Amino acid sequence: MKTGFSVFLVAFVALGASWFGLVYAPLHQLGIEKQTAILQSGDTWPPQRTGDATLGLDVYREYGCAACHTRQVRQTGVANQLELISLGQHQAADFKDFLKSLMVVPELNSFSNTLCGPLAQWDGRLPVTLYFGPDDTVIAALVEKLKPLGIKTDARVVATGADISRGWGLRQSVAADYLYDQPVELGSLRAGPDLTAIGAREPDLNWQLQHLYAPRSVVADSSMPAFRFLFEVRPISGRPAPEALTLKAEFAPPAGMEVVPTPEARRLAVYLLSLKTGAPLYEAPYTPATAAK
Amino acid sequence: MNDESKSTRPAPDQEPQVTRSTAPMWIIVATLALLFFGGLYLDSHSGWFNDRVYAPYDSAEKLEAFQPKSGAGAAAQGKRIYEAVCGICHGNDGAGKPGQAPPLAGSEWVLAKGVNRLAHIPLEGVSGTLTVEGKEWNLNMAAMGAALSDADLAAVLAYVRTSWGNQAGEVSADDVKKVRDAIGGHPQAVTGDQLKSIPE
Amino acid sequence: MNQTDSNSAAVNEIDASCRVPLLALFGGAALWLVLGVALGIAAALSFHAPDMFANCPGLTYGHAQAAANDLLLYGFAIPAALGVVLWIFARLSRAPLALPMVPLAGANLWHLGVLLGTLGILLGHSTGYPWLEYPRPAAVLLFAAFLLVAISAAATLGFRADRELYPSHWFLFSALLWFAWTYSTANLFLLSGHPPRGVAQAVIAWWFANNNLFVGLALFGIGIAFYFLPKFAGRPLAGSGYTLFAFLTLILFGAWCGIPQSAPVPAWLPATSAFAALLSFIPVLALSIVAWKTLFGSGFRLGGGPAGFILFGVLSFAASAFLYLAEACPRYSRGVDFTWFGFGVTQWQLLGFIGMILVGAIYEILPRTMAKPLPAPALARLSFYLFAIGILLYVIPLLIGGVEQGLKLRDFHVPFAAASAAALLFLRVSTTGQLLVLLGSLCLLLNVLIMTIQWKLGLLKTVIAAIKAPLVTGEVKS
């Protein structure tokens with residue numbers, strides 16, 4: 001390239017293309033306000049946060065919690081699951097033989113391993129998983145055969161992945177989850193566990209506060225730094241304050257002192273409690289749990 | 001620093017030069033090959049820029065296939081939509097209202113074995129005379145179910161067929177989809193006679 | 001003294017014209033480098049002694065690490081790179097630096113912005129976006145300062161006698177455009193009063209991070225390396241065709257990388273980034289081939305001099321770019337996502353690649369512009385080994401520890417605490433690497449500081465001599 005102008009032009013076009021594809025297009029696709037409908041429910045997602053929780057999100061940003069914690073759940077696959085709920089008037093032993101007899105059905109015989117293998121050791125207790133895999137024609141064929149016999153089954157769609165198996169969520173995080181976050185802090189390092197559903201895993205406000213003041217008092221092998229500056233250690237005047245933390249002996253303040261959370265600590269804890277499991281959405285489906293289960 | 005070997009230093013006044021050459025063929029071929037394979041990858045994994053397709057779903061069809069189709073949630077959904085859309089005229093108890101809408105409880109159109117004929121009613125609407133449970137109704141119904149998704153309308157029909165003493169079979173989203181496809185692009189309100197000629 | 005004596009007067013004049021702005025840029029950069037590495041060590045201490053900063057909100061991990069990262073990028077890498085760009089443009093134009101006071105003002109504004117930004121982060125006003133944590137006032141200062149320096153660079157480029165452009169021109173000129181556009185866009189969208197809702201913010205932040213840490217630093221670093229490599233090798237840069245092809249593919253494909261494969265965004269974004277990363281292997285390969293062809297068989301020696309720094313930097317570029325692009329492969333990313341691996345790759349890019357190239361360039365350029373030899377060449381030579389060993393000790397355990405952590409995270413039978421603990425031993429080794437890097441950067445700071453003091457004393461002597469000089473009686477025409 002001979003002139004400075006041609007270098008500028010080439011660079012402009014290259015960066016402009018990337019700007020168009022990775023800034024402009026996503027802004028239009030993702031940056032507009034939109035609530036999503038939750039599957040099989042009249043509600044929308046995400047729920048609005050309370051005032052304290054929104055202030056707590058600002059505390060989360062202020063202390064850089066996203067440096068060690070992520071707020072996103074990954075999913076590596078999805079599976080259809082067929083569970084046997086009730087055998088009606090049949091016996092478990094008859095059922096196993098009956099399943100074997102179904103193997104001549106074309107949609108089912110290639111799944112003989114999945115269907116019959118684990119059931120060989122089945123002790124008759126319900127519910128039991130009949131099939132867990134990506135193919136839904138198997139489930140349709142099975143249900144068609146079992147329904148007329150009065151055998152009740154439950155077909156569910158289940159998200160799979162390491163994060164989900166760890167109990168960090170029931171589905172992957174999608175754009176809709178972050179609609180009301182300002183700023184959106186996904187995190188890039190898991191020095192500590194993922195926090196997407198921490199409010200569902202540890203729903204106790206006092207646990208969250210104790211964890212902030214002295215992480216090793218509630219999680220023995222935690223490497224999280226203590227955030228004692230979020231708390232006030234003050235002498236007990238008269239009666240202990242109702243919001244004072246109860247701590248184990250080695251972490252408790254000296255006698256006559258109590259540990260009281262500052263408003264910042266309270267807001268952060270309320271924010272963490274507001275982080276619940278994601279509801280099933282069209283873009284991240286799973287069969288919602290029902291109250292009866 | 002100053003006692004670097006003089007052999008690695010050019011004359012200080014000289015600015016660096018570059019030898020003229022063209023890019024070799026093999027690197028251009030390699031780039032084109034990577035472009036091709038990368039394009040294949042994009043085709044199969046990008047969901048074609050659909051804003052609802054997230055990895056690991058490869059396409060919009062795959063995502064649709066994995067939507068949960070039934071479950072107790074669907075029954076509640078059917079009830080909710082029915083009461084919002086249909087119950088105004090047909091009543092939340094399915095008894096209908098004289099001069100407004102025929103009853104659904106015990107209606108032979110609802111209790112038919114198949115769903116094909118029944119699905120035409122919310123998808124196309126009804127005009128003219130229609131006999132329900134021995135009584136004649138001469139009203140107009142708009143296609144109240146045309147705006148609902150297949151899954152939602154199936155949930156409503158399933159709810160109607162299993163409530164208020166009705167005990168008919170289930171309705172799946174596929175059944176509704178088949179009827180919708182058969183109707184095509186220009187649904188027109190059916191009359192009672194036309195309905196009778198549609199198979200169940 | 002040898003080289004400046006044998007240089008022609010014209011070259012000496014060019015070097016002298018860069019003296020003050022470069023001293024401002026390099027001086028601040030050396031100071032921020034020391035501070036950045038020190039804060040990085042303070043951050044790492046949070047893992048070795050978690051209760052150390054329990055009562056000190058300023059140095060909590062979230063603050064210290066963010067401040068350290070930004071100091072390395074904005075405090076050290078970019079101002080030092082800008083200084084080298086100014087000098088290279090002046091030399092290649094065979095004309096003195098145009099508007100020399102403008103980049104001086106820019107340098108001061110820039111360092112003020114970095115100071116404000118760092119204080120802002122430590123006091124809790126971080127914006128929350130990775131690599132964009134400086135609060136708005138600091139960001140505005142940085143952008144304004146950048147424009148001032150870029151104006152002078154563009155003017156110097158425009159005044160060149162020989163209109164033919166050398167490959168370094170392409171890379172460095174594009175680098176100026178790259179930072180200006182990405183920094184202004186990212187800050188305008190994210191730090192304005194109405195940022196976009198939701199995960200679009202994260203997409204913009206990823207776009208910025210990729211275009212600065214990968215493409216931007218590559219443009220700066222390779223441009224600088226391709227200026228010095230032929231000089232040290234004693235022969236021309238090998239292959240204009242290769243270099244042009246590498247430049248074009250780097251800016252075209254490299255700019256689209258950056259969206260992580262696990263991102264909570266529609267599938268087309270990570271798929272596009274994976275596609276771009278696959279193609280970005282080509283420019284990395286081509287640039288490595290050009291460097292190798294230029295150096296191989298030329299009698300180039302590593303030694304402890306600036307040549308060694310530049311070579312180490314180019315090797316680090318190849319290695320860190322390869323690992324960065326490999327992270328975009330969906331299968332591998334599942335193993336190393338959210339582990340220390342990504343952090344290690346970034347530190348390799350910042351310290352191993354651009355850091356080493358810039359330190360080598362400073363050691364090479366500063367004696368020329370100051371017209372004085374380095375005050376402590378032994379320290380400078382020692383710093384090469386401190387940096388080289390320190391960076392490898394810092395980065396490689398992070399990479400291995402990250403992979404270990406990732407393997408354990410994928411297996412949900414392994415409790416989370418075990419996955420974190422797996423990386424802890426590697427973190428301890430990597431902190432010793434950081435200490436070595438800190439010592440090396442202190443050597444650099446010492447050299448720069450002494451040269452600054454010598455220069456200021458020289459100025460002072462000139463002023464005092466002017467005051468003491470006998471008055472010249474003028475001829476009064478009555």
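Each chain gets a letter, A, B and so on, in the order its sequence line appears, and its residues count up from 1. Remember, predicted model here, so these are calculated numbers, not experimental data.
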Report the option among [options] that has the most heavy-atom pairs separated by less than 4.5 Å from atoms of chain A.
options	result
C/Trp178, C/Tyr61, C/Phe173, C/Phe47	C/Trp178
C/Ala54, C/Ala200, C/Pro130	C/Ala54
C/Thr272, C/Asp337, C/Asn210, C/Leu424	C/Asp337
C/Pro415, C/Ala417, C/Ser262	C/Ser262
C/Ala423, C/Pro196, C/Cys56	C/Cys56
C/Tyr129, C/Phe253, C/Phe343, C/Trp206	C/Tyr129

For [X], does the [atom1] atom sit with more than 12 other heavy atoms under 6.0 Å from it, leaving out its own atoms?
X	atom1	value
A/Phe229	CZ	yes
C/Arg331	CZ	no
A/Arg71	CZ	yes
A/Tyr282	OH	yes

Engaged part of [X] at the chain A interface, taking heavy atoms whose separation is under 4.5 Å:
X	result
C/Phe53	backbone
C/Gln65	neither
C/His413	neither
C/Trp256	both
C/Ile259	side chain
C/Thr185	side chain
C/Ala263	backbone
C/Glu133	neither

Let's test your reading of the structure: which of [options] forms the most heavy-atom pairs below 4.5 Å with chain C?
options	value
A/Ala214, A/Ser222, A/Gly161, A/Ser173	A/Ser173
A/Leu15, A/Val23, A/Asp177, A/Asp221	A/Leu15
A/Ala176, A/Ser18, A/Ala162	A/Ser18
A/Val219, A/Asp181, A/Thr70	A/Thr70
A/Ala220, A/Ala17, A/Ala66	A/Ala17

Expected contact set for residues 184-198 of chain A against chain C at heavy-atom separation under 4.5 Å reads A/Val184, A/Glu185, A/Leu186, A/Gly187, A/Ser188, A/Leu189, A/Arg190, A/Ala191, A/Gly192, A/Pro193
Do the side chains of C/Trp170 and A/Val10 get nearer than 4.5 Å, heavy atoms only?
-> no
Answer whether the closest heavy-atom distance between the side chains of C/Leu269 and A/Leu30 falls below 4.5 Å.
-> yes
Residue [X] versus chain C: region with a heavy atom under 4.5 Å:
X	value
A/Gln75	neither
A/Thr76	side chain
A/Tyr213	neither
A/Tyr60	neither

Please walk me through it: do C/Arg197 and A/Tyr180 pass side chain to side chain contact (heavy atoms under 4.5 Å, CB included)?
-> CA-CA 7 Å; C/Arg197 273 189 189 257; A/Tyr180 294 128; 3.5 Å; yes
Could you please spell out the steps behind the side chain to side chain contact (heavy atoms under 4.5 Å, CB included) verdict for A/Arg74 and C/Phe338?
-> CA-CA 11 Å; A/Arg74 297 171 296 173; C/Phe338 306 137; 3.7 Å; yes
Taking all non-hydrogen atoms of both residues into account, name the closest pair between [X] and [Y] and its distance.
X	Y	value
A/Ala175	C/Val199	CB-CG1, 3.5 Å
C/Gly124	A/Glu62	O-CG, 3.1 Å
C/Arg160	A/Gly4	NH2-N, 3.9 Å
A/Arg216	C/Asp51	NH2-OD1, 3.0 Å

Keeping [X] on the side-chain end and [Y] on the backbone end, is there a donor-acceptor pair under 3.5 Å?
X	Y	answer
A/Arg166	C/Leu409	yes
A/Arg61	C/Ser126	yes
C/His169	A/Thr3	no

Mutual orientation of the aromatic rings belonging to C/Trp181 and A/Phe12 [parallel < 30°, tilted 30-60°, perpendicular > 60°] | tilted
So among C/Ile204, C/Val265, C/Val203, which one has a side chain to side chain contact (heavy atoms under 4.5 Å, CB included) with A/Pro26?
-> C/Val203
